[in-house]
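Below you'll find the structure, written out as structure tokens, and then a few comments.
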Amino acid sequence: MTRPSLPVVKGMLDPLVLRALSWAPMHGFEITEWIETRSSGTLDLEEAAVYQSLYRLEARKHITAEWGVTANNRRARYYQVTREGREWLRAETRSWLRSAEAVTAVLTEPPLTKAPAAG
Amino acid sequence: MKRPSIRRWISLPLSRAAREREVDAEIALHIALRTQRLVEQGHAMNSAQLEAERRFGGTEARLSLIHHAHDRDTTMTTHEWIENTITDLRFTVRQLLRAPTFTAAAVATIALGVGANATMFGVIDRLLLQPPAHVRAPERVMLPSVTFTSRAQHHTQNVLSFPIFRDLESDSSFLGVAVFSEASLTLGSGQSARELNALRVTPAYFAVLGVRPSAGFFFDPTASSEVPAVPEVVVSEPFWRTTLGASTSAIGQNIELGGRLYRVIGIAPRGFTGTDPSPIDAWIPYAAGATTAEIARWKSERQWYSLQLVARLRDGVTPGAAAATASRAIQAGELRDGDPADRVRKRKSTVTFTSALPRDARGATAASRVTVLLAAMSLFVLLLACANVTNLQLGRAIRRQREVSIRLALGVGRGRLIRLLLTESAVLALLGGLVAMGVAWWGTALMRTTLLAGWGFEGSPINVRMLGYTAAVALGAGLLTGLFPALQSSRPDLITSLRTGGQPAGSRGNLRSWLLVTQSALALVLLIGTGLFARSVKRIESIPLGIDPERVVVATLNTTGRTYDAATLTSMFSALARAASSTPGIERAALTFSLPFGATTADAIYVPGIDTLPLTAEGGPYVNAVGPDYFVTLGTPIIAGRAFTADDREGAAPVAIVNQTAARLWWPGESALGKCVRFDDKTAPCATIIGIAANSRRQSIIEDEFVQVTAPAAQASAWAQPRILLARVRGNPTVAMKQVQRILQTAAPGLPYVSVELLTNRIAVQKKSWRLGATMFGVFGMLAIILAAIGLYGVLAYDVSQRTREIGVRIALGGLPTRISAHIVRQGVSVAGAGCVLGLAAALLFGSRIQPLLFQTSRLDPTVYVCALAVILLTSILASWIPARRAGRVDPAIALQSD
């Protein structure tokens with residue numbers, strides 16, 4: 001029933017995290033769960049990598065962070081997308097779609113039938 | 001889930017520990033929540049926890065995260081910092097350009113304050129802080145003086161003799177002792193000859209100071225004391241550069257100094273001037289040019305005082321201990337040289353030391369005390385300037401209050417706002433500092449030609465130390481003037497100021513008044529100082545000197561390095577005197593042994609019937625030997641009796657003239673005329689006193705009276721032969737002086753260089769520090785009062801402009817414009833009045849520090865105080881007058897429309 005999950009394509013974790021945050025400010029675990037849920041468990045997230053991605057995005061000012069409190073009164077670091085982050089995500093999504101389309105197109109192209117010999 | 005409002009997160013640099021805690025907290029939450037999910041999915045609690053941890057990746061993942069977090073923080077903070085700074089600078093420059101008057105006023109005020117300060121720092125640094133150049137461990141280098149106490153004499157002097165040098169040399173407290181003596185030496189001969197500043201030194205001189213040559217060698221202390229036919233000379237670096245053409249072959253070359261050849265053996269390092277700051281061109285062996293007889297004489301005669309000593313203490317010996325052993329060594333030397341034991345005991349020659357450090361060597365001089373005082377004044381002026389800039393900034397802050405309130409309401413952080421305001425102050429300070437450099441450049445150049453004239457200055461007026469000082473002071477001033485307004489304006493009462501459109505809040509108004517009060521107080525203190533100094537100078541100018549120095553030219557023969565016997569010298573001076581008496585441009589001329597404001601000589605005098613001659617604190621008795629026209633040439637009145645005449649010649653009845661003090665002290669209540677004095681010896685023939693001369697000066701304008709006995713040169717002892725020619729010239733003395741030099745130079749064939757000098761120059765040098773003190777006090781005082789006036793005017797004018805509406809209402813309600821104007825003036829005067837009270841208290845409290853620098857002026861001189869108060873109050877009235885008039889002319893119709 002369960003298909004084996006796939007690793008995230010290199011370089012795609014940052015857009016995924018940003019996508020998650022573009023819905024609402026979240027803390028690290030929420031982001032992890034959000035991606036897992038949305039990908040229906042297809043994507044195998046390396047959990048620590050999510051945080052690495054968060055810190056990277058923060059340094060690039062694509063997101064900002066602030067300590068807040070969860071519903072259960074636990075201290076958590078909440079992340080929010082900045083304007084720059086949104087723009088970058090848009091650009092990144094566009095280029096991903098184009099390359100995925102191209103890759104898909106190449107991979108799914110039916111083999112060429114032999115041209116009839118001239119004659 | 002509760003969402004926190006996320007503001008723009010301004011990151012502050014986190015400590016390492018804090019960052020690790022943050023990362024750990026994030027991990028802990030993640031693992032806890034994951035465990036919870038796993039339990040919900042049916043895992044047992046224990047295994048769930050383990051699984052959660054495994055998924056996260058353990059210690060390795062944690063370390064990697066901490067590393068990432070560190071990268072994040074460092075990039076972010078530097079980034080943000082640079083970005084913010086650039087934005088702030090851009091914003092600040094725009095803001096400053098938009099308010100050119102404010103910017104110019106603030107920059108000019110800072111520049112004046114800091115510039116005056118930097119100038120004084122430069123002088124103090126040079127005068128009192130910087131040790132003598134190239135001298136190793138100058139605190140161990142001692143300059144001895146000896147106090148001689150006896151029945152007939154009591155005297156402290158630093159001009160000593162060769163036997164005393166030998167006494168100290170034998171004392172084991174010292175690593176080395178050397179002799180030095182300033183001399184003027186002629187370079188070359190004939191018309192192209194010029195005078196050099198030379199120092200005659202014994203070979204150990206350079207070793208005692210611990211200085212190394214920049215090229216060649218110094219004198220060899222181990223060489224024989226015989227001076228070779230071609231003596232050696234060490235030249236200064238500037239001399240080598242300008243006169244010897246900076247050539248490497250200069251060493252070994254011969255140059256003509258004082259009519260004889262010297263071989264250049266070494267070049268002193270650049271800037272080396274010995275223990276004294278005045279520049280030296282050449283160092284020659286002490287005995288060079290002296291005859292064997294002369295050498296023998298000064299080597300043996302204890303009282304042939306003609307040289308100074310410098311000694312380096314042995315390690316571990318304190319100056320006090322060395323002074324004690326040196327005193328004993330001198331007393332032993334006196335015994336050995338045949339002084340009777342009881343006389344040595346009674347004489348009690350004692351040594352005192354001054355180190356070569358400038359604050360020891362020069363700290364007590366009037367010039368350095370005046371300089372320190374001026375530096376204190378310049379600090380006052382800086383404070384005043386800072387108060388003014390603070391006031392300007394506060395005014396600006398009030399004007400901007402509305403803008404600031406809006407920014408705060410829009411969520412700009414307070415820290416960010418303070419930063420912005422401080423950036424503005426820093427930019428102002430920087431600009432002010434740059435202009436201050438110009439002020440300091442000019443000020444230092446001025447000081448070099450006035451207060452510090454004659455010092456060996458080289459290079460640019462501004463050095464690295466001064467640059468650093470200026471930068472530090474300017475930045476400090478910027479912070480000082482910016483911090484308070486910044487703190488204040490970043491905390492405005494939001495609602496009030498938005499509603500009223502930025503009326504001055506009470507507390508800030510108070511701060512501004514306090515600044516004004518302080519300014520008035522500082523200005524008053526400076527004005528009182530100016531007044532006290534000006535009065536001192538006036539008193540000094542009016543001191544009777546007992547001479548009429550205008551138009552008196554002093555001529556001497558420069559014989560350094562040449563050998564003449566006494567008879568030749570005497571005949572040369574006779575030739576000079578003859579030439580002078582036949583020169584139409586010369587009114588009177590006379591030969592003399594010594595003269596006021598020159599070197600004086602004390603000698604034993606015996607008066608029949610008086611056991612111990614009464615003396616004054618100046619010591620003595622001082623002895624002079626003069627030609628017939630001496631008193632009239634110098635302009636010293638003869639109070640009683642007669643002056644010398646040509647008949648008071650050798651072989652005639654011995655005569656003498658005493659000064660008023662000697663006449664009063666030695667023959668109180670009776671006339672000194674006709675009394676007898678004996679020179680040198682109890683058995684000498686009786687010289688009859690034929691005249692009483694007015695008291696004149698010995699060395700300085702300000703000194704105690706002293707006793708002096710003068711003999712006719714023709715009858716004086718052999719050692720007191722005249723070697724100075726005085727000439728009272730006609731017309732402009734500076735022009736006449738040059739003619740006199742030309743005429744005298746050709747008075748006889750083969751004369752050495754004739755040096756001429758105006759007597760007034762010697763006196764002016766002594767008045768210089770006072771005059772300069774008064775001038776600088778005056779300049780600073782003016783600056784202070786102008787700054788205070790501008791400050792008061794600015795605040796009142798601003799106040800009036802802010803209260804236009806209120807004033808309009810008052811006038812509309814029937815208030816008299818004159819009463820409103822009077823109210824504004826009263827406001828200004830009351831601020832100044834409060835400042836005066838504070839200033840008076842300060843002046844009374846700290847005034848005692850200035851007392852030693854004043855001359856015959858009480859620090860509580862009522863005239864000075866009254867004048868200073870009047871100036872401050874009048875200025876405050878003037879400063880409030882324009883705003884007051886403006887207030888009186890407010891048109892209620894227009895004022896009330898303004899909203």
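We name chains A, B, ... by the order of the sequence lines, and we start the count at 1 in each one.
- In this structure, A:Tyr79 and A:Ile63 approach most closely via the heavy-atom pair CD2-CD1, 3.5 Å.
- Looking only at side-chain heavy atoms (C-beta outward), A:Arg77 and A:His27 stay at 4.5 Å or farther from each other.
- Within the 4.5 Å cutoff, the side chain of B:Leu434 has no heavy atoms near those of the B:Val107 side chain.
- Interface remark: A:Glu46 contributes no atoms to any contact with chain B (heavy atom separation under 4.5 Å).
- Looking at A:Thr32, the atoms closer than 4.5 Å to chain B (heavy atoms on both sides) all sit in the side chain, from C-beta outward.
- Contact annotation: the side chain of B:Glu26 approaches that of A:Trp67 to within less than 4.5 Å [non-hydrogen atoms, C-beta and beyond].
- Contact annotation for residues 45-55 of chain B against chain A (heavy-atom separation below 4.5 Å, listed by residue number): B:Arg55.
- Atom CD of B:Glu40 has more than 12 heavy atoms from other residues, nucleotides or ligands within 6.0 Å.
- Contact annotation: the side chain of B:Glu424 approaches that of B:Gln393 to within less than 4.5 Å [non-hydrogen atoms, C-beta and beyond].
- Residues of residues 29-36 of chain B lying within less than 4.5 angstrom of chain A, judged on heavy atoms, are B:Leu29, B:His30, B:Ala32, B:Leu33, B:Arg34 in numerical order.
- Here the side chains of B:Thr103 and B:Leu97 are not in contact, with every heavy-atom distance at 4.5 Å or above.
- The most heavy-atom pairs under 4.5 Å with chain B, out of A:Arg56, A:Arg75, A:Glu47, come from A:Glu47.
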Between A:Trp88 and A:Asp14, does the side chain to side chain contact (heavy atoms under 4.5 Å, CB included) criterion hold? Intermediate values first, please. CA-CA 10 Å; A:Trp88 184 80; A:Asp14 291 1; 4.0 Å; yes
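- Under a cut-off of 6.0 angstrom, the local environment of NE2 in B:His43 is crowded, with over 12 non-hydrogen atoms contributed by other residues, nucleotides or ligands.
- Atom CG of B:Leu65 sits about 14.5 Å away from atom NE2 of B:His70, to the nearest 0.5 Å.
- At a 4.5 Å heavy-atom cutoff, A:Arg60 makes no contact with chain B through either its backbone or its side chain.
- The minimum heavy-atom distance linking B:Phe56 with A:Ala48 is given by the pair O-CB, 3.5 Å.
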